[in-house]
2 protein chains.
Amino acid sequence: MENSIEARDAALYEGPATARLENFGAVSPDDKRSLAELAGPPTEFKRGDIIRSDRDASTCLHLLLDGWAASAITMEDGSRQLTSVSLPGDILGMPTLAVSYPLDTIVALDSVRACVIPAKPFMELLMDRPRLAAVLFLISQEERMFAMERLALMGRAPARDRLAALFVRLRERCSQLSNVSADRFPMPLRQSDIGDLIGTSTVHTNRILKNFRELNLAVIKKRELEILDNDRLLARAGVSAWHRAEPSWL
Amino acid sequence: MENSIEARDAALYEGPATARLENFGAVSPDDKRSLAELAGPPTEFKRGDIIRSDRDASTCLHLLLDGWAASAITMEDGSRQLTSVSLPGDILGMPTLAVSYPLDTIVALDSVRACVIPAKPFMELLMDRPRLAAVLFLISQEERMFAMERLALMGRAPARDRLAALFVRLRERCSQLSNVSADRFPMPLRQSDIGDLIGTSTVHTNRILKNFRELNLAVIKKRELEILDNDRLLARAGVSAWHRAEPSWL
DNA sequence: CGGTCAATTGAATAGAGTCAAGCGTAGTGG
DNA sequence: CCACTACGCTTGACTCTATTCAATTGACCG
């Protein structure tokens, strides 16, 4: 037990779990520690494992320590839509706090390490620690803004533009958390996952990827995504580079 | 000036502006008053007016007192996607707090009354009043969950299912704020607006509406939407009735 | 060396978009 | 009271993006 608590704390203080919280401004070590004390021991998940099912009645959050996860909504016909991708440092399941039963299932897209954060103490912590609450509020708003952008693309842009936008945004997020080159990073998503994200069939995803390869825009090879021409991808997607607010009020 | 402040306060204490805040639990009159004191004088907007443009550099929020508004993202080709609809009591523009420039324009879908809430004092208020912060946090999560549902429908469901879902959700929201019959309520949206919401052309929206009329599912007439068969709409959309959390921690 | 999962390609089909024209109705002004 | 206008609704015909179904190839693993 001691062991896992130490491991957990180490992850929260040194690992990428911290970085995400600091996106909108410094967070006191005290705030980070109290969040760490809420978290349960790390659990391992394999690709495809369900981290939290949409049939789980009791609400709980997860802190993603390692690997990629996604929130998936399953339709009646069995197809699924991934509504967001989460990278290490993200807190999973916050939207579910607002509803009595989850609409989405949280799945591991990769080998994942995550720990549980129980909902009640989490909310109590927010009310205890205004600055941490403000930071998490802003992080939630950012994810909502991101969902709005995807919604707009889904409704108005053809599939290849949506894929271009996905690549651009993944590039931005990945470059924030690893010190590897921004233009080449691990890509655990299969073509079917990408299809579930951008709302197309696997077959069509494949054709777009082929097209991107031919146009020297981007290539996926050996579970790595290489961005060959970010500017042209931005132009194709019709989006701008993401600029986070630098709030004066924090 | 006295006059408008009184009008503003009245709206915040009696009107539907209060109701939305109380969705997840009681909010102290004190909390409501301090939010009221932040708000500027009410301003009138006509249908089509821009409440906050995506070119406005300075971030500010709005409190919607009357009428319907929407957040719209405009694409390069001039088409637009409405990412959310807001009803009286909603706070507009929160996601924009997280980015340095807005991605969306907030437009009036109807005759609208709204007042400005400056961003900095708003965030400071959140850090001052934990309970108000928690409530607004949950409201944001709910809107994000709602966006996720729409995203899933947009990616995986045909246009008629998306329209069915829109009608069902609008019905739920409208019945919360007026005491008129749940199955018949004002509908300021034009067919082009509905198309912008569900991501189809006006022409196709028209055909779906005709289909709904023939199947006795729902009818729009004289700026009113009448829901004829909510259960079949739910089934068609493949969604369940919305159940808000009843948090034990508030 | 089969077994499983992922990527790839072709052919037929359907959902939705675009273009273009016609219709209804409310409001305005003579 | 009628004519004119503006806006929104309705419908048809054609096109195209993306889907579905099906089959094949390739890669990795025990």
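Per chain, numbering begins at 1; letters A, B, ... match sequence-line order.
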Using atom [atom1] of [X] as one end and atom [atom2] of [N] as the other, report the distance to the nearest whole Å.
X: A:M154; N: C:dA16; atom1: CE; atom2: P; value: 14 Å
X: B:I208; N: D:dC9; atom1: CD1; atom2: P; value: 14 Å
X: B:F212; N: D:dC9; atom1: CZ; atom2: C1'; value: 17 Å
X: B:L163; N: C:dG15; atom1: CG; atom2: P; value: 17 Å
X: B:K46; N: D:dA6; atom1: NZ; atom2: C1'; value: 16 Å
X: A:D161; N: D:dT17; atom1: CG; atom2: P; value: 12 Å
X: B:I194; N: C:dA16; atom1: CD1; atom2: C1'; value: 17 Å
X: A:M187; N: C:dA6; atom1: CE; atom2: C1'; value: 15 Å

Can you tell whether the side chains of [X] and [Y] come within less than 4.0 Å, N to carboxylate O?
X: B:E224; Y: B:K221; value: no
X: A:R20; Y: A:E143; value: yes
X: B:D104; Y: B:R52; value: yes

Run through A:T205, A:T202, A:N206 and flag the one making a side-chain hydrogen bond (donor to acceptor under 3.5 Å, both in side chains) with A:Q191.
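Result for side-chain hydrogen bond (donor to acceptor under 3.5 Å, both in side chains) with A:Q191: A:N206.
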Work out which heavy atom in A:L65 is nearest to a heavy atom in A:P42; give both atom names and the distance.
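Closest heavy-atom pair between A:L65 and A:P42: CD1-CB, 4.0 Å.
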Which atom pair, heavy atoms only, marks the closest approach of B:R80 to B:A72?
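What the structure gives for the nearest pair is CD-CB, 4.3 Å.
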[X] vs [N]: side-chain N/O to OP1/OP2 distance below 4.0 Å:
X: A:R223; N: C:dC5; answer: no
X: B:K210; N: D:dT11; answer: yes
X: A:R190; N: C:dT4; answer: no

Looking at B:I220, B:I227, B:L233, which hits side-chain contact (heavy atoms from CB on, under 4.5 Å) with B:F212?
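Of B:I220, B:I227, B:L233, side-chain contact (heavy atoms from CB on, under 4.5 Å) with B:F212 is met by B:L233 alone.
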Among side-chain atoms of A:R160 and A:N211, is any donor-acceptor pair under 3.5 angstrom?
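No, no side-chain donor-acceptor pair sits under 3.5 Å.
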Which residue lies toward the 5' end of DNA chain C, B:R160 or A:N206, if each is placed at its nearest nucleotide?
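The 5'-side residue here is A:N206.
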Tell me which nucleotide among C:dG15, D:dG8, C:dT9 gets nearest to the side chain of B:R47.
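Minimum distance to the B:R47 side chain belongs to D:dG8.
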When you check every protein heavy atom under 4.0 Å of nucleotides 19-30 of chain D, what one-letter string (B, S, -) results, 5' to 3'?
BBB---------
Begin with the C-alpha distance, continue with both residues' side-chain angles, and end with the deciding distance and a verdict on side-chain hydrogen bond (donor to acceptor under 3.5 Å, both in side chains) for B:S71 and B:T83.
CA-CA 6 Å; B:S71 155; B:T83 59; 2.8 Å; yes
If we fit an axis to the first five pairs and another to the last five of the helix from C:dC1-D:dG30 to C:dG30-D:dC1, what angle do they make, to the nearest 10°?
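Computed from the C1' atoms at both ends, the axes differ by 30°.
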